[in-house]
Peer 1: 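Next up is a structure, given as structure tokens.
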Amino acid sequence: MNRQKLIKALQQKKQRDNKGLFVLEGDRIISDLIQSGELNEGNVEYICGTKNWIDRMSAFGFPTLSRMVVAPEDELKKLSAFQTPPEVLAIVKTAIASFNIEMIKENYTLVFDKIRDPGNLGTIIRTADWFGIRNIICSIDSVDHYNNKVVQASMGSIMRMNVHYMELHELFSHANRLKVPVYGTAMDGVDLFDTPVKKQGIIVFGNESAGIDPRYGSFFKTKLRIPNYPGSNHTVESLNIASSVAVTCSELRRRER
């Protein structure tokens with residue numbers, strides 16, 4: 001399969017799964033990942049950049065990868081999934097993140113029930129990376145984390161994070177057996193800012209419109225909410241899920257200082 005057909009095929013989840021590849025786009029993301037060594041000979045299939053971009057990287061002293069090829073701007077325009085094509089895109093091998101249930105005893109773990117919006121998941125991956133949370137678990141019916149919009153919204157954090165997909169009932173059952181607390185998030189929960197949360201805990205966030213499936217309620221140690229301010233004010237119904245994750249992670253890390 002030639003390069004153009006391959007990149008177009010990778011816009012589909014089935015093809016990404018079959019080939020073990022995904023597409024990463026953008027000068028800032030790709031140059032940062034090359035400089036940090038997170039994009040390297042071991043995980044890059046191709047880097048397609050304009051001659052100006054490749055020359056600029058060389059002038060800055062960035063590592064030159066053997067599969068870095070010049071692509072005309074009109075070719076990149078055809079290959080890009082975005083209206084404004086970048087100067088460079090990379091075809092990268094997907095990471096196989098092995099999951100061991102013992103991981104949930106080491107740090108906070110963020111769990112998502114039926115998260116569907118790719119921009120939300122990408123922003124969440126970036127936020128978790130910022131706050132040093134390495135494992136994200138999604139229900140099997142959630143959006144694919146190698147979807148191009150997820151990848152772009154993650155701003156490169158996709159290369160550092162472990163994103164797992166599994167049946168949540170099984171996960172919560174294991175957590176209860178290991179005595180790892182599971183905290184749900186809901187509008188009828190207790191105030192996050194006044195509630196102790198153990199560091200070896202699972203924080204569960206629900207679908208953007210439906211929340212957490214009520215079948216999981218029996219597994220929760222408690223349910224947490226982010227209060228509006230002041231509480232007597234009439235405000236929007238809820239926070240965006242990515243905003244909720246950012247506030248929650250910030251509060252949990254603040255307590256460790």
Peer 1: Evaluate Asn107 against Asn135 for side chain to side chain donor-acceptor pair (under 3.5 Å), listing each step before the verdict.
Peer 2: CA-CA 9 Å; Asn107 200 335; Asn135 288 292; over 6 Å; no
Peer 1: Side-chain heavy atoms under 4.5 angstrom apart, residues restricted to Ile, Leu, Val, Met, Phe, Trp, Tyr: same cluster for Met68 and Met159?
Peer 2: yes
Peer 1: Are the side chain of Ser243 and the backbone of Leu239 linked by a donor-acceptor contact shorter than 3.5 Å?
Peer 2: no
Peer 1: Looking only at heavy atoms, which two atoms of Thr185 and Val204 are closest? And how far apart?
Peer 2: OG1-O, 2.7 Å
Peer 1: Is the ring pair Phe112/Phe205 parallel, tilted or perpendicular, if the boundaries are 30 and 60 degrees?
Peer 2: parallel
Peer 1: Using 0.5 Å steps for rounding, measure from the CD1 atom of Ile30 to the CG atom of Leu89.
Peer 2: 6.5 Å
Peer 1: With a 4.5 Å cut-off on side-chain heavy atoms, are Ile136 and Asn162 touching?
Peer 2: no
Peer 1: Other residues, nucleotides and ligands only: do more than 12 of their heavy atoms fall within 6.0 Å of CD on Glu73?
Peer 2: no
Peer 1: Would you say the side-chain atoms of Asn120 pair up with the backbone N or O of Thr123, donor to acceptor, closer than 3.5 Å?
Peer 2: no
Peer 1: If we only count heavy atoms from C-beta on, is the Arg253 to Tyr108 side-chain gap below 4.5 Å?
Peer 2: yes
Peer 1: With a 4.5 Å heavy-atom cut-off, do Glu251 and Val197 have their side chains touching?
Peer 2: no
Peer 1: Determine the minimum heavy-atom distance between Val163 and Cys138, stating which atoms define it.
Peer 2: CG1-SG, 4.3 Å
Peer 1: Is there side-chain contact between Val180 and Lys198, with heavy atoms separated by less than 4.5 Å?
Peer 2: no
Peer 1: Following the transitive rule for hydrophobic clusters with a side-chain heavy-atom cut-off under 4.5 Å over Ile, Leu, Val, Met, Phe, Trp and Tyr, establish whether Val92 and Leu121 coincide in one cluster.
Peer 2: yes
Peer 1: Applying the 4.5 Å side-chain criterion to the ILVMFWY set and letting contacts propagate, would Val151 and Trp130 be lumped into a single cluster?
Peer 2: no
Peer 1: Please answer whether the main-chain N or O of Lys78 pairs with a side-chain N or O of Lys8 as donor and acceptor at a distance below 3.5 Å.
Peer 2: yes
Peer 1: Indicate the atoms forming the closest heavy-atom contact of Ala246 with Phe131, along with that distance.
Peer 2: O-CE1, 4.1 Å
Peer 1: Roughly how far, to the nearest 0.5 Å, is CZ of Arg116 from OG of Ser142?
Peer 2: 7.0 Å
Peer 1: Applying side chain to side chain contact (heavy atoms under 4.5 Å, CB included), run through Leu192 and Arg225 and close with a yes or a no.
Peer 2: CA-CA 5 Å; Leu192 166 68; Arg225 69 178 173 87; over 6 Å; no
Peer 1: Leu24 vs Leu39, test: side chain to side chain contact (heavy atoms under 4.5 Å, CB included). Steps then yes/no.
Peer 2: CA-CA 10 Å; Leu24 188 61; Leu39 275 185; 4.1 Å; yes
Peer 1: Could you check if a side-chain atom of Val23 sits within less than 4.5 angstrom of a side-chain atom of Tyr146, using non-hydrogen atoms only?
Peer 2: no
Peer 1: Does a salt bridge link Asp188 with Lys223, judged by any charged N lying under 4.0 Å from a carboxylate O?
Peer 2: yes
Peer 1: Please determine whether a side-chain nitrogen of the Lys or Arg among Glu256 and Lys199 lies less than 4.0 Å from a carboxylate oxygen of the Asp or Glu.
Peer 2: yes
Peer 1: So does Ala210 get a backbone contact from the side chain of Asn207, meaning a donor-acceptor N/O pair under 3.5 Å?
Peer 2: yes
Peer 1: Can you confirm whether more than 12 heavy atoms, excluding those of Lys221, are under 6.0 Å from its NZ atom?
Peer 2: no
Peer 1: Determine the interplanar angle of the His169 and Phe219 rings, folded into 0 to 90°, and report it as parallel if under 30°, tilted if 30 to 60°, perpendicular if over 60°.
Peer 2: perpendicular
Peer 1: Decide side chain to side chain donor-acceptor pair (under 3.5 Å) for Ser139 and Glu167; before the verdict, give the C-alpha distance in whole Å, the side-chain angles of both, and the deciding distance to 0.1 Å.
Peer 2: CA-CA 6 Å; Ser139 61; Glu167 293 288 353; over 6 Å; no
Peer 1: Side chains of Glu75 and Gln4: closer than 4.5 Å at any heavy-atom pair?
Peer 2: yes
Peer 1: Is there a path of hydrophobic side-chain contacts, each under 4.5 Å between heavy atoms of I/L/V/M/F/W/Y residues, joining Val143 to Val111?
Peer 2: no
Peer 1: Nearest 0.5 angstrom please: Arg126 CZ to Ser154 OG, how far?
Peer 2: 8.5 Å
Peer 1: Are Ile29 and Met161 connected in the hydrophobic side-chain network, where two residues link if heavy atoms are under 4.5 Å apart?
Peer 2: yes
Peer 1: Does Ile47 reach the side chain of Met57, with side-chain heavy atoms less than 4.5 Å apart?
Peer 2: no
Peer 1: Give the minimum heavy-atom separation between Leu224 and Thr222, together with the two atoms involved.
Peer 2: CD2-CG2, 4.0 Å
Peer 1: Quick check: closest heavy atoms across Asn147 and Lys149, and the distance to 0.1 Å?
Peer 2: OD1-N, 2.8 Å
Peer 1: More than 12 non-hydrogen atoms from neighbouring residues, nucleotides or ligands closer than 6.0 Å to CD1 on Ile140, yes or no?
Peer 2: yes
Peer 1: Report yes or no: does Arg67 contribute a side-chain atom to a donor-acceptor pair with the main-chain N or O of Tyr46 at less than 3.5 Å?
Peer 2: no
Peer 1: Salt-bridge test for Arg56 and Glu87: reply yes if a basic N is under 4.0 Å from a carboxylate O, no otherwise.
Peer 2: yes
Peer 1: I'd like to know if the side chain of Glu25 pairs up with that of Ser80 as donor and acceptor (distance under 3.5 Å, no hydrogens or angles considered).
Peer 2: yes
Peer 1: Counting N and O atoms only, with roles assigned by atom type, does the side chain of Arg16 sit under 3.5 Å from a partner on the main chain of Gln11, one being a donor and the other an acceptor?
Peer 2: yes
Peer 1: Within the side chain of Thr248, is there an N or O that forms a donor-acceptor pair under 3.5 Å with the backbone of Ser244?
Peer 2: yes
Peer 1: Side chain to side chain contact (heavy atoms under 4.5 Å, CB included) for Leu110 and Ile137? Distances and angles first, verdict last.
Peer 2: CA-CA 6 Å; Leu110 303 182; Ile137 300 173; over 6 Å; no
Peer 1: How long is the gap from CD on Gln12 to CG on Asn148, to the nearest 0.5 Å?
Peer 2: 12.0 Å
Peer 1: More than 12 non-hydrogen atoms from neighbouring residues, nucleotides or ligands closer than 6.0 Å to NE2 on His174, yes or no?
Peer 2: yes
Peer 1: Determine, stepwise, if the pair Val88 / Cys48 fulfils side chain to side chain contact (heavy atoms under 4.5 Å, CB included).
Peer 2: CA-CA 6 Å; Val88 59; Cys48 306; over 6 Å; no
Peer 1: Verify whether one side chain among Thr50 and Asn52 offers a donor that lies under 3.5 Å from an acceptor in the other.
Peer 2: no
Peer 1: Under the criterion ring pair (Phe, Tyr, Trp, His ring centres under 6.0 Å), I'd like the reasoning laid out for Phe220 against Tyr183: C-alpha separation, chi angles, the key distance, then a yes or no.
Peer 2: CA-CA 5 Å; Phe220 298 157; Tyr183 300 93; 9.1 Å; no
Peer 1: Measure the shortest side-chain to side-chain distance between Lys105 and Leu178 over non-hydrogen atoms and say whether it is less than 4.5 angstrom.
Peer 2: yes
Peer 1: Can a salt bridge be assigned to the pair Asp129 and Arg134 using a cut-off of 4.0 Å between side-chain N and carboxylate O?
Peer 2: yes
Peer 1: Give, for atom CG of Leu33 and atom CD1 of Ile158, the distance between the pair rounded to the nearest 0.5 Å.
Peer 2: 11.0 Å
Peer 1: What I want to find out is whether Glu38 reaches Arg160 closely enough, with some N-O distance under 4.0 Å, to be called a salt bridge.
Peer 2: yes
Peer 1: Quick one: does Tyr165's side chain have a donor or acceptor within less than 3.5 Å of a partner on His145's backbone?
Peer 2: yes
Peer 1: Can you tell me how far the CG atom of Asp144 sits from the NZ atom of Lys14, to the nearest 0.5 Å?
Peer 2: 14.5 Å
Peer 1: Donor-acceptor check, side chain of Asp194 to backbone of Asp191, threshold 3.5 angstrom: yes or no?
Peer 2: no
Peer 1: Would you say the side-chain atoms of Asp213 pair up with the backbone N or O of Tyr216, donor to acceptor, closer than 3.5 Å?
Peer 2: no
Peer 1: If you compare all heavy atoms of Ile54 against all heavy atoms of Gly49, which two are closest, and at what distance to 0.1 Å?
Peer 2: CD1-O, 3.8 Å
